[in-house]
Every structure is written in structure tokens, then in C-alpha cells.
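A short worksheet on the structure shown next.
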2 protein chains.
Amino acid sequence: MTPDLQLDTRSKLLKAAVTVFGKNGFEASSVRQIADLAGVNHGSIKYHYSSKGDLWRASVSYLFSQMEQAVHTNEAAWSKMTSRERLKDSIRSFVRYHAAHPELNRILTIEAIAGGERHQWVTDNYTRPFADRAVAGIALAQEDGIYPKELPAMNLHYMHVASGRIIFLMAQEIQSIFGVDVFAAEEVERHIDTILTLFMGASDLKPGSAKERSGERLEN
Amino acid sequence: MTPDLQLDTRSKLLKAAVTVFGKNGFEASSVRQIADLAGVNHGSIKYHYSSKGDLWRASVSYLFSQMEQAVHTNEAAWSKMTSRERLKDSIRSFVRYHAAHPELNRILTIEAIAGGERHQWVTDNYTRPFADRAVAGIALAQEDGIYPKELPAMNLHYMHVASGRIIFLMAQEIQSIFGVDVFAAEEVERHIDTILTLFMGASDLKPGSAKERSGERLEN
DNA sequence: TGAAAAATCATCCGTTTGGATCGAAAATGA
DNA sequence: TCATTTTCGATCCAAACGGATGATTTTTCA
């Protein structure tokens with residue numbers, strides 16, 4: 001086995017932690033569950049990460065950075081775009097990321113409800129900077145007449161975020177009620193089109209590649 | 001103490017269960033926590049409700065019925081409204097309910113993420129009928145030209161729901177980042193106006209009473 | 001009033017939790 | 001090669017969990 005394919009214990013633990021925390025959240029996940037999925041003894045978590053909380057923070061750091069990177073994929077081309085196209089592009093990337101990686105969405109939502117020090121940590125280190133930049137972008141869009149200036153940018157921001165994430169958060173419910181697999185590529189694009197049409201009018205939908213789905217390597 | 005103010009054990013348990021489950025969800029809530037809040041011995045839960053799961057179902061039944069009732073408050077006047085006004089009215093009631101009673105929102109979100117048999121139960125008994133009616137209403141609105149007919153009603157429905165609930169779900173985060181109390185009456189109305197303006201154009205905002213906040217008696 | 005029924009309580013049980021401990025094993029480098 | 005460091009795993013622990021039990025108290029009603 002090449003060392004690239006044979007993940008070391010630390011990486012295996014992080015990968016398993018992302019999966020388990022992303023499915024059940026912090027409280028409902030046990031270190032034994034994570035260790036079992038990683039195929040190592042649960043005592044090893046104490047060694048590589050000093051506690052369950054540390055492993056959780058490492059997981060969130062990994063996921064949030066990955067998400068921000070995905071949203072800024074086309075950043076180089078932004079200078080050549082109108083602010084409308086720029087906003088549309090970031091929404092597209094945002095939705096596609098959450099379709100490909102539902103874990104962060106679930107973790108952040110669970111923690112936002114629970115509150116407490118874990119939520120404070122992720123807010124201070126990740127959510128606040130992200131939200132500040134997003135709200136600034138919306139304010140700019142309002143200057144350019146994309147949204148009415150009298151609407152509060154904060155509320156618009158949360159409507160963006162909520163609309164982009166909701167179907168992936170409710171994936172099981174939607175499957176059960178409507179028989180729709182929201183993670184299917186065509187459903188993801190359909191949802192993007194719906195958001196862009198309703199929020200920003202003009203359905204000049206630019207196809208864009210939806211092949212984000214594959215290639216989910218973990219660090220290195 | 002009048003018997004109206006002196007709740008019996010069963011009612012005290014339900015009231016406490018709504019609070020605790022509404023804050024932490026099913027798994028993170030303990031029967032001891034609920035019994036302590038109700039001021040009774042935790043063994044009483046087994047007596048009045050056969051299990052923790054039964055108490056949870058009773059809590060969800062109570063809250064969901066309360067929510068549907070709130071949304072249909074003005075139903076009598078709907079026949080005299082245009083379909084646009086009707087949709088706006090139900091959105092207004094929907095948002096105001098979740099501002100006054102954040103518990104159901106939290107419980108449904110947590111369970112939607114977790115999946116499992118509790119989620120299946122609430123989907124079959126409450127979410128599906130609610131969603132079916134809402135989607136039908138949106139399809140009707142599309143017939144009347146309020147929304148483009150080519151947009152999928154399901155996605156529009158979830159955007160409605162998500163946009164209406166998001167700020168209350170993220171209340172702690174918004175307080176921390178923006179210093180805004182989303183439960184304040186003026187913030188609730190501001191959010192409603194933002195949704196109605198962005199989704200349905202025309203900001204002919206009808207004030208309406210926002211005094212829903214008080215009077216949260218638990219069954220009698 | 002008093003016996004039967006309903007309601008409440010203190011207490012116990014088996015299980016699972018996160019974390020600590022410590023010896024064994026593997027890797028490292030002079 | 002061999003001693004030192006790094007890594008790993010079996011095991012123990014106190015705490016909290018949902019639920020069961022049986023005694024005790026309160027209520028009901030003839």
C-alpha cells in the first residue's frame with residue numbers, strides 16, 4: 001500500500017469524525033463510534049486529539065475552509081463580472097458545495113440551535129468573518145440595484161443561506177414526501193435556478209460544471 | 001391557587017417537555033431534566049407517558065397543531081382575499097408563530113437532520129399533510145401569475161419555509177454577530193416585510209398585530 | 001369513615017458515555 | 001543493533017442515561 005492511500009491514524013480519525021459529526025452532531029456522536037468507523041481503538045482519539053471537543057473543532061475547521069475555498073473557486077474571474085453575475089456565481093458555488101458535502105450544513109445547524117461554547121467558537125472563528133463578507137457583498141448588490149436598498153442586508157443574507165441549504169438539510173423528508181433525491185445533479189441545478197430566478201430575476205442560467213461531486217480527499 | 005393556575009402533573013410535564021425538547025432535541029434531553037423543570041419526580045414520566053418517546057410525540061403533536069392553528073387564524077377572511085394576499089397572510093402568520101414559539105422549529109430541524117423513526121412519525125402525521133397543502137397553495141399562486149409557472153413548487157415551498165424560520169433558528173448567532181434580537185417585534189415584522197417584498201414584490205405591508213407573544217397557555 | 005383506586009415518590013438496575021491509565025508494539029536514529 | 005521515542009490498544013472508572021420496581025401518599029366515592 002502506498003502511503004498516499006494508507007491514511008495514518010490521525011487522518012483516518014479526522015475523516016471518520018467528519019462523517020459521524022456530520023450525521024449526528026457533537027452530542028449524539030460518541031468517540032467509540034468514530035474510532036470504530038476509523039478502524040482504530042477509541043483510546044487513540046485521546047492521543048492524537050486531546051479530547052472529543054478538539055476532534056470536533058478540527059473537523060469543523062477542515063469543512064469550513066473547504067466550503068470557503070469552494071465558494072471562491074471562480075474568484076479570479078470575478079473582476080470581469082458584473083456584481084449580479086458575481087453574486088449569482090457565489091450562490092451557485094455555495095449550493096453546489098452543500099450538495100456535495102452536507103456535513104458542514106448539519107453541524108452548523110445543530111450547533112446554532114444548541115448554542116454554548118462550541119457554537120461561540122465556530123461563530124467567532126468562521127461564521128462571523130464569512131457573514132461579514134457576505135453581507136458586504138449584498139450591500140454592494142443593493143448599491144447596484146439588484147436588491148431594493150430599503151431591505152436589510154442581514155435578512156437578505158440569511159434568506160440566501162437558508163434557501164441554499166434547506167433542501168439538503170431536509171433531504172430525508174423530501175425523499176419521503178416527494179420522492180425526490182435532492183443530491184441528484186439535476187435537482188441541485190434545478191434548485192439553483194429556482195433561487196436565482198426568484199431572488200435575482202432573469203433566468204439567464206449559465207450552465208457551469210456540476211461535477212463537483214467527486215474528489216473528496218481529506219487534507220494533504 | 002385556582003385549579004386553572006395550578007397545573008396538574010401531566011400538564012406540567014408536557015409544558016416542561018416542550019421547553020426542554022425545544023431547546024435540546026430528543027437525544028440531548030433527559031427525562032430527569034424535564035422532570036426537574038416540571039418539579040416532579042422523574043418516575044412520574046413513566047406513569048403519565050409510557051416512555052420518553054411518548055412524551056416527545058405528545059409535545060410535537062401539541063406544537064404542530066398549535067402552529068397550524070396559528071397559520072389558519074385568518075382563514076375565515078381568505079375567501080375575500082386575492083390569492084396573493086392569501087399567501088402573504090399565511091406567510092405572515094407562519095413567521096409570527098415561529099417568532100413566538102421557536103420550539104417546533106428547533107425540534108423539526110433536529111429530527112430532520114437525524115432522521116430515524118421519530119422523523120418518520122412526524123413526517124407521516126404532520127409534515128406531509130402540511131407540505132402537501134402548502135405546495136398546492138403555491139401551485140395555485142403560480143396559476144395566478146404570482147410566481148413563474150416554470151419554477152418547481154416544491155423548491156419554492158422549502159424556500160418559503162426556510163426563509164421564514166432561519167432567523168429564529170440562528171437567533172443566538174445573529175445576536176452574537178449583529179447584536180440583533182430577532183424575537184423583538186419590530187425585527188419580526190422587518191423580516192416579514194423582507195420576505196414578502198423579495199418573494200412577492202409590492203411592499204404594501206399590512207401592519208397586523210404582533211402581540212402574539214403573550215398568552216402561551218398549555219392546553220387548559 | 002374507610003376501603004379501593006389513582007398518583008407520586010425514592011431507589012435500584014443494566015447500559016453507554018468520555019476520558020484516564022498503562023503496558024505492548026512499532027518506528028526511529030545514532 | 002539497540003536504546004529511545006512515538007504510537008496504539010485493552011481495560012478501568014465515575015457519571016449520566018432510560019426505565020423498572022415497589023412502597024407510600026393522595027384522592028375518590030360508596
Side-chain angles (χ1 to χ4, degrees), chain A residues 1-60 107 110-111 114 116-118 121 218-220, chain B residues 1-4 6-21 23-60 107 110-111 114 116-118 121 218-220:
Chain A
M1 345 210 152
T2 72
D4 273 0
L5 294 180
Q6 174 67 17
L7 296 172
D8 57 3
T9 298
R10 188 181 164 87
S11 298
K12 283 193 286 187
L13 278 174
L14 182 59
K15 184 182 172 72
V18 165
T19 301
V20 174
F21 283 139
K23 191 169 295 183
N24 308 117
F26 180 85
E27 295 287 357
S29 301
S30 76
V31 293
R32 284 170 174 83
Q33 204 179 347
I34 294 169
D36 285 353
L37 182 60
V40 303
N41 186 279
H42 85 272
S44 295
I45 288 180
K46 175 67 167 45
Y47 179 78
H48 287 287
Y49 301 89
S50 70
S51 69
K52 181 186 178 185
D54 262 30
L55 179 54
W56 180 86
R57 278 184 286 274
S59 303
V60 172
I107 292 176
I110 290 172
E111 293 302 327
E117 63 177 22
R118 280 192 308 280
W121 176 86
L218 209 59
E219 68 186 14
N220 107 317
Chain B
M1 349 214 148
T2 72
D4 273 0
Q6 174 67 16
L7 297 170
D8 58 3
T9 298
R10 188 181 164 85
S11 298
K12 283 193 288 187
L13 278 175
L14 182 59
K15 183 183 171 73
V18 164
T19 301
V20 174
F21 285 139
K23 191 169 293 182
N24 308 116
F26 181 84
E27 296 287 358
S29 301
S30 76
V31 294
R32 284 170 175 83
Q33 203 180 349
I34 294 170
D36 284 353
L37 182 60
V40 303
N41 187 279
H42 84 271
S44 295
I45 288 181
K46 176 66 167 41
Y47 180 78
H48 287 285
Y49 301 89
S50 68
S51 69
K52 182 187 178 185
D54 262 30
L55 179 54
W56 181 87
R57 278 184 287 275
S59 303
V60 173
I107 292 176
I110 290 172
E111 293 302 327
E117 62 177 23
R118 280 191 308 279
W121 177 85
L218 209 59
E219 60 188 23
N220 88 319

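Order of the sequence lines fixes the chain letters, A, B, ..., with proteins taken first and strands second; residue numbering starts at 1 for each chain.
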Hey, is the side chain of [X] poking within less than 4.0 Å of OP1 or OP2 on [N], counting only N and O atoms?
X: A/Ser44; N: D/dG9; result: yes
X: B/Thr9; N: C/dA7; result: no
X: A/Tyr47; N: D/dT7; result: yes

Distance in angstrom units between [X] [atom1] and [N] [atom2], rounded:
X: A/Ile45; N: C/dG18; atom1: CD1; atom2: P; result: 8 Å
X: A/Asp8; N: C/dA26; atom1: CG; atom2: P; result: 17 Å
X: A/Asp54; N: C/dA20; atom1: CG; atom2: P; result: 11 Å

Does a side-chain heavy-atom distance below 4.5 Å link A/Gln33 with A/Asn24?
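They are in side-chain contact.
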
With a 4.5 Å cut-off on side-chain heavy atoms, are B/Trp121 and B/Glu111 touching?
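The answer is no; the side chains never approach within 4.5 Å.
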
Is A/Glu27 salt-bridged to A/Arg118, cutoff N-O under 4.0 Å?
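The answer is yes: the pair qualifies as a salt bridge.
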
Taking the six-membered ring of A/Tyr47, is the NZ or CZ of A/Arg10 close enough (under 6.0 Å from the centre) and on axis enough (within 45°)?
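That pair does not qualify as a cation-pi contact.
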
Under a 4.0 Å heavy-atom criterion, the protein footprint on nucleotides 10-29 of chain D, written with B, S and -, is BB-----BBBS---------

Residue pair A/Ser44, A/Asn41: steps toward the side chain to side chain donor-acceptor pair (under 3.5 Å) verdict
CA-CA 6 Å; A/Ser44 295; A/Asn41 186 279; 5.3 Å; no

Please state whether the rings of A/Phe26 and A/Phe21 are parallel, tilted or perpendicular, taking 30° and 60° as the class boundaries.
parallel

